[in-house]
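Only this structure's heavy atoms are used, side chains among them; waters, hydrogens and symmetry mates stay out.
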Amino acid sequence: MKKVFYYLSSLLVLAGCSQETDFFPSNGTGDNAGFKFELTTDDNTTRTVTDDNFKTVFSEGDQVGLFVVKRADGDVSLKASGNYADNRKLTYSGGEWIIDREVTKPSNGEILDFYAYYPYVENADPTAIAYDATKSMCDLMMANTGDVDASSEVVKLIFSHQLSLIDTRISGGAASGVTVKSVKTKASFDLGKFGTDEVMTLSGTETADVKMSNVGKKHFRAYIPSQEVEGSQLLIEQGEKTQTYTPVNTGFKKGTAYQYNIVSKLVNIADLPNCYIVKPGEEVTFPVLKAYEVWRQVKFINDGNLRKDGPVGVELIWQDVKSLISKENLILNVDPTSDDLSTITVKTKPGVEGNALVAVTMGGDKTWVYHIWVTDFDPDSNVAEVDNNGDGNPDYIFMDRNLGALTSDVTNPRSVGMYYQGGNGTPYPGFTDKFPTDGAVITEIPLYDIDNNAVAITTGNIWNDNYGQGMRRHLTDPTLFITSSGEPYSWISQGAQFAEWASFWSDETTGEKGIFDPSPEGWMVPAYKNNLSPWNSFLSGSDPIIDPTTVYPVGGRMRFDGKFGNCDRVMLFSGTMDGLKTFAFDATNTWGQINNYSAGNALNVRCVKIQ
């Protein structure tokens with residue numbers, strides 16, 4: 001049974017008024033040895049899938065149940081079974097309604113009454129069609145046409161919606177789900193009483209919560225039986241945090257849609273970027289909230305506990321250019337009510353481009369880092385649309401340079417940008433004065449602290465398969481490049497699989513940006529679409545936009561042992577992972593392929609715009 005949606009009228013809550021929403025005509029007909037069928041609604045439209053414009057039509061494959069009663073001996077009631085026709089199935093196919101078993105035309109002088117319901121259910125009892133909003137997501141519709149005799153060629157069935165639709169759209173902040181609180185969810189419908197007030201009977205007085213279905217980005221819907229209700233609320237959810245909204249209506253009428261436009265005050269930590277772009281000589285201010293919420297919400301790190309009690313702090317971990325950020329230009333703005341509401345302001349030196357890593361500390365321990373990308377680059381300029389499956393529609397909008405790069409000129413060493421271990425949000429700089437060379441080690445990359453003293457990336461072998469311990473180790477020591485000497489070549493676990501890995505760079509279920517994605521706001525590491533790589537069109541030879549000979553510098557990889565390798569190749573991570581491995585694009589000047597690289601490797605990243 002399909003999930004189905006409808007709109008009859010809309011209560012515009014924020015505007016404080018009601019507005020009727022009309023249906024538009026869309027009829028289907030089909031040949032039948034006995035009758036043809038035409039299905040419409042009481043306002044000349046029927047639809048089982050509702051789009052954002054609230055227009056409704058039947059869709060291919062929809063199925064309707066049909067009962068027929070013959071008027072004989074004064075008995076014209078619809079019975080649970082033994083009718084002239086019981087639960088015949090009408091299927092919408094190719095613009096026609098096809099019936100599974102024909103309804104034979106009656107003898108001359110005999111009269112038939114037709115009863116129909118949507119959606120079709122096998123073995124349905126038409127006198128007691130059960131609905132439970134906590135278990136179903138369907139648009140129950142009914143129709144009745146009487147006085148049909150042998151001369152009739154077409155049976156017209158005019159459907160009406162029997163439930164109330166609750167439509168909720170969230171703006172502003174985040175919402176991973178919405179729940180309708182404390183409503184009566186169960187009802188029984190008697191198809192034979194369609195058109196009367198007795199068609200629906202609420203099942204008892206008990207109330208329950210209804211989890212609304214997600215039908216789009218921050219867009220949720222649910223169907224409930226019509227009812228009077230006092231104090232019902234909508235609960236907006238994001239992780240373990242909630243926000244309550246109280247509708248102005250005190251009841252839900254049959255065949256009516258109630259639309260609520262709610263501004264969320266909740267935060268999705270994946271929406272808080274790990275990289276901030278700032279122009280030389282300018283400044284950027286950003287919240288420290290993510291440093292707290294990751295520890296609170298990502299339970300495997302520390303069971304929902306912060307790393308350490310103590311005051312919030314800020315520290316420059318490294319900068320790849322001297323004097324890019326000075327002491328007086330790294331400012332912690334402490335909120336007097338709560339440390340997690342504090343912000344950091346970074347002011348940069350005029351005329352100097354580079355990269356820096358800034359850490360939030362709690363009680364002196366580092367807990368989260370932010371990449372400061374100091375560049376005159378406008379990421380929205382010179383973007384490239386890429387169609388990875390050849391259907392003519394762009395699937396990605398690529399930046400014209402690697403994340404952290406200071407030029408798009410691939411002949412310039414500063415075009416290589418940052419390196420990222422698979423699923424890890426912390427950047428590791430490459431050489432800034434020459435292209436990486438096979439065998440060079442990460443510990444030799446020239447870096448500086450806030451006083452311009454030399455700083456070095458260190459290496460240390462992975463400890464064990466405890467990924468919570470591995471993550472804590474990484475978060476509290478962001479200059480550490482965790483190496484490994486055997487499969488799965490991971491920075492977080494020696495175990496072969498990691499069940500919680502999929503949401504690090506992108507959420508596999510929604511395709512949305514993940515918590516550890518290293519990209520700036522509005523951008524993300526490109527995940528697979530259409531079950532294809534972001535670089536699939538290059539491999540098929542159809543898209544010169546991403547030809548590695550012209551737009552990708554050869555950066556090779558930082559191997560899982562901390563040494564550079566494959567430095568004659570373009571190597572880029574995607575956001576799609578498989579356990580402790582990450583799918584990557586690997587190319588030379590003449591060929592390319594998709595490899596599943598162990599996450600212990602560090603590769604470059606080319607961001608795509610969030611659409």
Side-chain angles (χ1 to χ4, degrees), residues 274-278 280 284 286 288 291 307 312-332 344-349 352-375 402-406 413-414 416-421 424-437 439-462 472-483 491 518 555 557-564 600 602 604-605:
N274 297 323
C275 173
Y276 290 91
I277 300 176
V278 57
V284 61
F286 53 90
V288 304
R307 167 65 178 183
V312 63
V314 62
E315 180 178 335
L316 180 75
I317 303 301
W318 54 256
Q319 51 189 339
D320 59 10
V321 177
K322 287 184 177 180
S323 302
L324 184 67
I325 300 171
S326 59
K327 273 185 179 178
E328 62 273 16
N329 289 334
L330 180 61
I331 304 163
L332 176 66
I344 294 170
T345 298
V346 176
K347 299 179 180 179
T348 61
K349 185 176 180 179
V352 180
E353 293 186 310
N355 292 273
L357 195 67
V358 171
V360 175
T361 63
M362 299 177 197
D365 281 3
K366 304 174 187 67
T367 56
W368 194 256
V369 292
Y370 295 95
H371 172 203
I372 310 300
W373 187 5
V374 185
T375 175
N402 290 349
L403 180 53
L406 301 179
R414 292 159 68 87
V416 174
M418 300 291 104
Y419 290 80
Y420 297 87
Q421 291 180 295
N424 190 328
T426 298
Y428 294 98
F431 291 141
T432 55
D433 57 347
K434 60 182 177 180
F435 283 118
T437 304
V441 295
I442 192 174
T443 56
E444 296 176 356
I445 297 173
L447 298 171
Y448 311 95
D449 65 13
I450 204 162
D451 295 318
N452 293 326
N453 298 313
V455 174
I457 300 295
T458 61
T459 60
N461 204 35
I462 193 167
R472 292 192 299 275
R473 183 185 182 200
H474 157 69
L475 292 179
T476 56
D477 191 356
T479 59
L480 175 66
F481 185 92
I482 299 177
T483 59
W491 59 272
R557 60 173 169 153
M558 285 183 191
R559 290 159 38 96
F560 45 81
D561 58 3
K563 296 181 180 179
F564 281 98
N604 298 131
V605 164

K.L.:
So, do T443 and T459 sit near enough that their side-chain heavy atoms are less than 4.5 Å apart?
P.N.:
yes

K.L.:
Can you name the side chain to side chain contact (heavy atoms under 4.5 Å, CB included) partners of P429, sequence neighbours left out?
P.N.:
W318, M418, I445, L447

K.L.:
Compare every heavy atom of L403 with every heavy atom of C275, then report the nearest pair and how far apart it is.
P.N.:
SG-CD1, 4.2 Å

K.L.:
Keeping N355 on the side-chain end and D320 on the backbone end, is there a donor-acceptor pair under 3.5 Å?
P.N.:
no

K.L.:
Per the salt bridge (Lys or Arg N to Asp or Glu O under 4.0 Å) rule, what does the pair list look like for residues 441-459, sequence neighbours excluded?
P.N.:
K327-D451

K.L.:
Measure across A356 and I325 and return the closest heavy-atom pair with its distance rounded to 0.1 Å.
P.N.:
CB-CD1, 3.7 Å

K.L.:
Sequence neighbours left out, what passes side chain to side chain contact (heavy atoms under 4.5 Å, CB included) with A405? Give chain and number order.
P.N.:
R401, N402

K.L.:
Take I450 and L330, measure what side chain to side chain contact (heavy atoms under 4.5 Å, CB included) needs, and give me the verdict at the end.
P.N.:
CA-CA 9 Å; I450 204 162; L330 180 61; 4.1 Å; yes

K.L.:
Atom CD1 of I331 and atom NZ of K347: how far apart are they, to the nearest 0.5 Å?
P.N.:
4.0 Å

K.L.:
To the closest 0.5 Å, what do you measure between CD1 (I372) and CD1 (I317)?
P.N.:
11.5 Å

K.L.:
Using a 3.5 Å cut-off and no angle test, enumerate the donor-acceptor pairs between side-chain atoms of residues 475-483 and protein atoms at least two apart in sequence or in another chain.
P.N.:
unit_1	atom_1	unit_2	atom_2	d
T476	OG1	R472	O	2.7
T476	OG1	R473	O	3.4
D477	OD1	T479	OG1	3.2
T483	OG1	G460	O	3.4

K.L.:
Mind listing the closest non-hydrogen atom pair of A291 and T367 along with its distance?
P.N.:
CB-OG1, 4.1 Å

K.L.:
Indicate the atoms forming the closest heavy-atom contact of L324 with G354, along with that distance.
P.N.:
CD2-C, 3.7 Å

K.L.:
Dump the intermediate steps for side chain to side chain contact (heavy atoms under 4.5 Å, CB included) on F564 and R557, then the final yes or no.
P.N.:
CA-CA 6 Å; F564 281 98; R557 60 173 169 153; over 6 Å; no

K.L.:
With D365, which residues qualify under salt bridge (Lys or Arg N to Asp or Glu O under 4.0 Å), at least two apart?
P.N.:
R307, K308

K.L.:
Salt-bridge test for D561 and R559: reply yes if a basic N is under 4.0 Å from a carboxylate O, no otherwise.
P.N.:
yes

K.L.:
Working note: V352 + K322, criterion side chain to side chain contact (heavy atoms under 4.5 Å, CB included); need CA distance, chi angles, decisive distance, verdict.
P.N.:
CA-CA 9 Å; V352 180; K322 287 184 177 180; over 6 Å; no

K.L.:
Locate the shortest heavy-atom distance separating I344 from V358; write the atom from each residue and the value.
P.N.:
CD1-CG1, 4.4 Å

K.L.:
Output all residues satisfying salt bridge (Lys or Arg N to Asp or Glu O under 4.0 Å) with E315, sequence neighbours left out; order by chain, then residue number.
P.N.:
K366

K.L.:
Taking the side chain as every heavy atom from C-beta outward, state whether Y419 and I442 have any atom pair closer than 4.5 Å.
P.N.:
no

K.L.:
Whether the side chain of Y428 engages the backbone of Q421 through a donor-acceptor N/O pair (distance < 3.5 Å, no angle test) should be reported.
P.N.:
no

K.L.:
Nearest 0.5 angstrom please: T426 OG1 to N274 CG, how far?
P.N.:
8.0 Å

K.L.:
If you look at every heavy atom in A359 and V369, which pair is closest and at what distance?
P.N.:
CB-CG1, 3.9 Å

K.L.:
Backbone N or O of L406 within a donor-acceptor pair of the T375 side chain at under 3.5 Å?
P.N.:
no

K.L.:
Going by the angle between their ring planes, with limits at 30° and 60°, are Y370 and W368 parallel, tilted or perpendicular?
P.N.:
perpendicular

